[in-house]
Protein chains: 2
Amino acid sequence: MTSIKKIAEIAGVSRGTVDRALNNRDGVNEDVANRIRSIAKDLGYKTNRAGLALAARKHPLKIGAIFPSEGNPYFEDVILGMRAAESEYADFGVSISLKTTKGFSTSSQLKMIDTLVDEGVQAIILSPVNDLAIARRIKDLLSVGIPVITANTDLEKSDRLCYVGTDYFKSGKMAGGLMGLIAAGRKKRIVILTGSIHVLGHNQSISGFYSVIKSEYPNLSVVDVEETQDNSDISYELAKSLLTSKDCPDAIYMTAGAVYGACRAIEEAGMAGKIILLTHDYTGESKVFLEKRVITASIPQDPFQQGYLPVKLLYDYSLDKEKPKNDRVYTNSYITIPESL
Amino acid sequence: MTSIKKIAEIAGVSRGTVDRALNNRDGVNEDVANRIRSIAKDLGYKTNRAGLALAARKHPLKIGAIFPSEGNPYFEDVILGMRAAESEYADFGVSISLKTTKGFSTSSQLKMIDTLVDEGVQAIILSPVNDLAIARRIKDLLSVGIPVITANTDLEKSDRLCYVGTDYFKSGKMAGGLMGLIAAGRKKRIVILTGSIHVLGHNQSISGFYSVIKSEYPNLSVVDVEETQDNSDISYELAKSLLTSKDCPDAIYMTAGAVYGACRAIEEAGMAGKIILLTHDYTGESKVFLEKRVITASIPQDPFQQGYLPVKLLYDYSLDKEKPKNDRVYTNSYITIPESL
DNA sequence: CTGAAAGCGCTTACAG
DNA sequence: CTGAAAGCGCTTACAG
């Protein structure tokens, strides 16, 4: 284990100078700096995180977070993950200021960003509204040294450090593959209940789903796509009318929320276990319906990691100022059946 | 953030005394110690890991590991996980000495343990042979202050700190549940190819599988159980004779290794995609067969975590000497289909 | 451009 | 039983 101290001895300079050279701080003679760097390389020097963390206590890292979590149970686990990361990194000086909103509103997100900046946060985690005004604000934040990571939802034409969240196309593909397995070669008529055709992630899931059934499962056909607006009253009515119509589908694929309404309609129609229901939901209610086999299977996102990883990435970034290797950090989605519980 | 320094000031004692009191070291006046502890409690003191880690550099933690990994690709990811943990904890003074064996042999495991003890390791990670001699050795190790964690395979009547590995019963249940979904109500005759009826994990998977199909899927019946000894020549012959017999099963469930042999037999018989094949394997070969849809789905273990977690748990134990809360730390198993790749 | 020194939070020989 | 001091590896004002 080589330390800065050892390098300083070998190079015949002070530890301060080694620190400056290795961290590319300015005010070091270029020749000296190069010599130090080459010694460090030869000795395989790696900076010790414990020492670094201790020294960093003098300028703690304050992170701001904004989630549309009010009334949205999905974000409970996101916040849990974020708090877990906060307490894991608390020893390294990390703390988090969380602001919540009810639903997505550009103006309230902009306001929350202002508040956080006033509080002096040095980085922000955000589930952004898909709005150019937000994208511009993210750019401005970066230019004053406040990096932003988008979590759960992306905003591509902004200058966010990276995106942390689901690969919606892939999880749609998984849903298609699973539907194909369960159909087992029989003809199946499928209705897709999506959240909104204006939400990118929902559309990507649908694309992934289509791509698989087209190439692998020609026995499956999508007969209808409807929007629930993530509203369980709407999904209830939609499902009810589907189930009571004479061309009742064999399967429903829900890309988004509002799962409760559809489940209730299925139960009332006595169709639990008779109609295939695939979702991406995994809130408390959904677990109950999965257990009761109203939901056949679910392929949930990983909300915990969506809260945890941004904190970790921002902390790492604060140390070395290097952008994460991946522009999009995908959290995993796993097929979940009643026996997985 | 309260530090030892602050507590020392308030209590009017030195930082050394606070350290002794808080860590229950002896040689502290009981009254003084109690006063210090109560102050710490009031202030919500939590020991700072960075400071702790730095001080701990004076007595680094050397961990020994023994895996039967030679010629067993499964353990590649276990070792990868272990090395990842090693480099993550290197800053805290953790290093690992790995010994590998070919297959399970009591005498060679005992020899490896001796070697590690000679090297001065302070903790051991082991995939134990199911043998009383090993159990006794683990007890002895603990009595001389060397804790052992069993990984991947457990040895219950030993004094291991805890077990890190798969919940085989649960992953068998998941296989049963998935089989039920794919069968979709139709009668299916299933053959189980297990590794060995002498391996606990394999039997637990079978039990889990039975428990689900009995209670949920009466349309499924297990018509035969055969042992492959994890040998692909044997599994090839077994699968071949099953596929060519006139009561060819509809599905094969493999609890263990030797997946390659069965896949080859299925391909040769032109039965890929026609016979359901469920496995728990996820080595490179298996991924190929999953992609080719020879394997219908797999529910692999999480080898990476089986290597990663024991290191983390032993490090934590070295700090506070407290046994992990759970006697068995289960790693997750996830349903994997071609679209998951 | 560089060094000496102090400090982050903890532990531990050493002295008393 | 307790304190003063040194040290783990790093950073950073301060002085020159």
Side-chain angles (χ1 to χ4, degrees), chain A residues 1-37 39-40 43-61 89-95 315 318-321, chain B residues 1-37 39-40 43-61 89-95 315 318-321:
Chain A
M1 285 296 141
T2 29
S3 64
I4 271 191
K5 191 178 166 191
K6 194 183 288 178
I7 295 174
E9 283 165 10
I10 296 176
V13 297
S14 74
R15 295 147 78 195
T17 301
V18 175
D19 173 72
R20 288 172 203 120
L22 259 28
N23 293 292
N24 304 310
R25 306 186 213 285
D26 42 35
V28 190
N29 179 299
E30 204 42 42
D31 293 343
V32 176
N34 282 137
R35 192 156 50 85
I36 291 172
R37 284 194 270 262
I39 292 173
L43 298 180
Y45 173 76
K46 278 202 61 188
T47 132
N48 181 299
R49 311 271 285 194
L52 186 58
L54 217 44
R57 292 305 301 261
K58 290 167 191 164
H59 49 91
L61 177 67
Y89 287 92
D91 291 346
F92 301 162
V94 174
S95 66
Y315 174 70
S318 78
L319 295 184
D320 54 23
K321 297 294 171 204
Chain B
M1 283 296 142
T2 29
S3 64
I4 271 191
K5 192 178 167 190
K6 193 184 288 177
I7 295 174
E9 282 164 12
I10 296 175
V13 297
S14 73
R15 296 147 76 194
T17 302
V18 174
D19 173 73
R20 289 172 202 119
L22 258 30
N23 293 291
N24 304 310
R25 306 186 213 285
D26 42 34
V28 190
N29 180 301
E30 203 43 43
D31 292 343
V32 176
N34 282 137
R35 192 157 49 85
I36 290 171
R37 283 194 271 261
I39 293 173
L43 298 180
Y45 172 76
K46 278 203 61 188
T47 131
N48 180 300
R49 310 271 286 197
L52 187 57
L54 217 44
R57 292 304 301 263
K58 289 167 191 164
H59 50 87
L61 178 66
Y89 286 90
D91 290 346
F92 301 161
V94 174
S95 66
Y315 175 69
S318 79
L319 296 183
D320 55 22
K321 297 295 169 203

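Chain naming here is simple, since letters A, B, ... match the order of the sequence lines and numbering starts at 1 in each.
Within the model, atoms CZ of R20(A) and OG1 of T17(A) stand 5.0 Å from one another, a figure rounded to the nearest 0.5 Å. Rounding to the nearest 0.5 Å gives a distance of 12.0 Å between CZ of R15(B) and CD1 of I7(B). To the nearest 0.5 angstrom, N23(B) atom CG is 12.0 Å from K321(B) atom NZ.
Backbone-only engagement by Y45(B) is indicated by non-hydrogen atom pairs under 4.0 Å involving sugar-phosphate atoms exclusively. Among the heavy atoms of the strands lying under 4.0 Å from N23(A) are primed sugar atoms or P, OP1, OP2 only; no base atom is included.
Using a 4.0 Å cut-off, some side-chain N or O of H59(A) falls inside it from OP1 or OP2 of dT12(D).
Classification of the F92(A)-Y315(A) ring pair by plane angle, with boundaries at 30° and 60°, yields parallel.
Of the candidates dG9(C), dC10(C), dC1(D), the closest approach to any side-chain atom of L54(A) belongs to dG9(C). In this structure, of dT2(D), dT2(C), dG9(C), it is dG9(C) that holds the atom nearest to the side chain of R15(B). Considering only the side chain of L52(A), dC10(D) comes nearest among dC10(D), dC1(C), dG9(D). Out of dC8(D), dC1(D), dT2(C), the shortest distance to the side chain of T17(A) is found at dT2(C). Checking dG9(C), dT12(D), dG9(D) against every side-chain atom of R25(A), the shortest atom distance belongs to dT12(D). Taking only side-chain atoms of S3(B), from C-beta outward, the nucleotide of dG3(C), dT12(C), dC10(C) with the closest atom is dC10(C).
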Nucleotides 13-16 of chain D: which of its N/O atoms have a protein N/O under 3.5 Å away?
residue	atom	partner	partner atom	Å
dA13(D)	N6	R20(A)	NH2	3.0

Intra- and inter-strand pairing of DNA chain D, written as dot-bracket with Watson-Crick and G-U pairs under 3.5 Å and | for the latter, reads |||.||||||||.|||

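Nearest-nucleotide assignment on DNA chain D puts the 5′-proximal partner with S14(B), out of A55(B) and S14(B).
For dG7(D), the base has a donor-acceptor partner in the side chain of K58(B) [N/O atoms by modelled type, under 3.5 angstrom].
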Working note: I39(B) + K6(B), criterion side chain to side chain contact (heavy atoms under 4.5 Å, CB included); need CA distance, chi angles, decisive distance, verdict.
CA-CA 10 Å; I39(B) 293 173; K6(B) 193 184 288 177; over 6 Å; no

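Taking the side chain as every heavy atom from C-beta outward, L43(A) and I10(A) approach each other to under 4.5 Å.
Closest non-hydrogen pair, N48(B) versus D91(A), comes out as ND2-O, 3.2 Å.
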